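Computed from a predicted structure; not experimentally measured. All chains are named by letter (A, B, ...) in the order of the sequence lines, taking the proteins before the strands, and each is independently numbered beginning at 1.
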There are 2 protein chains.
Amino acid sequence: MARVNDAVKKTVRPEIPRKTVYRLSVYLRCLQRLKGNAIRTVSSEALAKAAGVKPTQLRKDLTYFGQFGTRGLGYDVEELATMISDLLGTNSLQPVILVGVGNLGSALLSYRGFEKEGFEIIAAFDLVPKDKRNRPRPVFSMEKLPGFVQERAVRMAILTVPAIVAQEVTNQLVEAGITGILNFAPLVLQVPEEVVVNNVNLAIELENLSYFIQS
Amino acid sequence: MARVNDAVKKTVRPEIPRKTVYRLSVYLRCLQRLKGNAIRTVSSEALAKAAGVKPTQLRKDLTYFGQFGTRGLGYDVEELATMISDLLGTNSLQPVILVGVGNLGSALLSYRGFEKEGFEIIAAFDLVPKDKRNRPRPVFSMEKLPGFVQERAVRMAILTVPAIVAQEVTNQLVEAGITGILNFAPLVLQVPEEVVVNNVNLAIELENLSYFIQS
DNA sequence: AATTGTGAATTGATTCACAGCT
DNA sequence: AGCTGTGAATCAATTCACAATT
């Protein structure tokens, strides 16, 4: 069976490793801290140490996107922070919706930690209408979702529904135009390839710890 | 510069990739679902599909720990689930404490999703005493922590304190005998090497999505 | 003198290909 | 015949080593 298109090779995109993009976020946090301390310049060594990686890894990560340092001197904190922020698309506040207002969902709704990182949960959706007391955001019924997403041009959703309905809700989200899903349901979501899913599973994180602390 | 101990090779431990251990948790979830559906036997192909990986990866992952299948037949669902659960140390309910009862901390405290996965948050700690209403668990002041951890032989902690105090609190945890930390604070914790830290950072997950959904 | 940027080397993870059981 | 288990091959990520630059 001859491989007809061995030479075709996906397409030209530089293909940045996902881990590199994660680390970019970590670097950004460190840079923000430095900026807060009025530090203007940082070497790859110092920044890498703060981020918990090796200096060469930091430099290699950055070269995927260009050259940002000055040899003999290091990186300009402000400038590097801006460039990473631009890259990640977090310079402007991004609207996010949350779907599934159960225990964890409510929890995340009242957690304001996202805002200073460039994200705002602008609305939540659930099958069953929720008690309005103590809710910092509107909770709409699911039928309102498609219209809302379109109107407000929302692209990202936090999914905190029970596993049994997660795939179905995901289909609705995709249908509505959501292209990024932060999934807390413990299952593997099937999505078209233009949609990105990041999974967070706290039980799995605990299990993982559990394994590594044994003996 | 001759490499004197090229032959020495760390030590004998099989050195399981961390990603393999994560996937073990995913396999376990899938097996539990199968078990719920009264399915007794599964092929690497079917299980891998459910877990969102390639069959060879599943098989390779398992071989780190031994041989569990029957050629021509597949794996016994029950048996494989038990062996993974044993391996992860989640067959017996594990006590976990939570430190930092702010927004996210309270959220996780009221989230009961851990229990059916083998973990129980048996107590929470905070610097400032908390309103007791609506709290499903006791919230103790930090001074009580060392005694509690020792008495109840707790080894794992969920850390949801503000970043500014996270390192200091971590030191206290390590001092008290905690060896596994699930860290939600957005910084890199310094710990002795026998202590394992898993980081969960929701803002970073959103940022990462944000990057990948661009254009 | 200090520090970046980067090909080359190395290390690690995944996938292939098939031998070995049942 | 079907499916696992695994060494070898491939692919990807990290680290090294050093040339280039300020």
Decide whether a cation-pi geometry holds between A/Arg18 and B/Phe212; the criteria are a distance under 6.0 Å from NZ or CZ to the six-membered ring centre and an angle within 45° of the ring axis.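 Judged by the rule, A/Arg18 and B/Phe212 form a cation-pi pair.
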So does [X] get a side-chain nitrogen or oxygen closer than 4.0 Å to the phosphate oxygens (OP1/OP2) of [N]?
X       : N      : answer
A/Arg23 : D/dT14 : yes
A/Gln67 : C/dT6  : yes
B/Arg71 : C/dG20 : no
B/Lys19 : C/dT14 : yes

Roughly, in whole Å, what's the span from [atom1] in [X] to [atom2] in [N]?
X       : N      : atom1 : atom2 : value
A/Leu58 : D/dA13 : CG    : C1'   : 15 Å
B/Lys54 : D/dC3  : NZ    : P     : 19 Å
A/Leu73 : D/dT22 : CG    : P     : 11 Å
A/Ile16 : D/dA12 : CD1   : C1'   : 14 Å
A/Glu45 : C/dA2  : CD    : P     : 12 Å
A/Tyr75 : C/dA2  : OH    : P     : 18 Å
B/Tyr22 : C/dA13 : OH    : C1'   : 16 Å
B/Arg59 : C/dC16 : CZ    : C1'   : 10 Å

Between the main-chain N or O of [Y] and the side-chain N or O of [X], is there a donor-acceptor pair closer than 3.5 Å?
X        : Y        : value
A/Asn199 : A/Phe184 : no
B/Asp61  : B/Thr20  : no
B/Gln167 : B/Leu189 : no
A/Thr170 : A/Ala166 : yes

Quick check: on DNA chain D, is the nucleotide nearest A/Gly72 upstream (toward 5') of the one nearest A/Thr20, or the reverse? Name the residue that is more 5'.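 Nearer the 5' end of the strand: A/Thr20.
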With A/Ile158, which of A/Asn183, A/Ile121, A/Val99 fulfils side chain to side chain contact (heavy atoms under 4.5 Å, CB included)?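 Result: among A/Asn183, A/Ile121, A/Val99, A/Ile121 is the only option passing the side chain to side chain contact (heavy atoms under 4.5 Å, CB included) with A/Ile158.
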What base-paired stems does DNA chain C take part in, with at least 3 consecutive Watson-Crick or G-U wobble pairs and both distances under 3.5 Å?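 Paired runs of 3+ in DNA chain C: C:1-22 with D:1-22.
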Quick one: on DNA chain C, does A/Lys60 or A/Gly74 contact a more 5' nucleotide (nearest heavy atom)?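 Its nearest nucleotide lies further toward 5', so the answer is A/Gly74.
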So what does B/Ser44 hit on the nucleic acid, given a heavy-atom distance under 4.0 Å: a base, only sugar-phosphate, or nothing?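 Sugar-phosphate only.
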Is B/Ser43 touching bases, backbone alone, or none of the nucleic acid, heavy atoms closer than 4.0 Å?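 Here B/Ser43 touches the backbone only, sparing every base.
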For the residue pair A/Glu117 and A/Thr90, confirm or rule out a side-chain donor-acceptor distance under 3.5 Å.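 Result is no, nothing qualifies.
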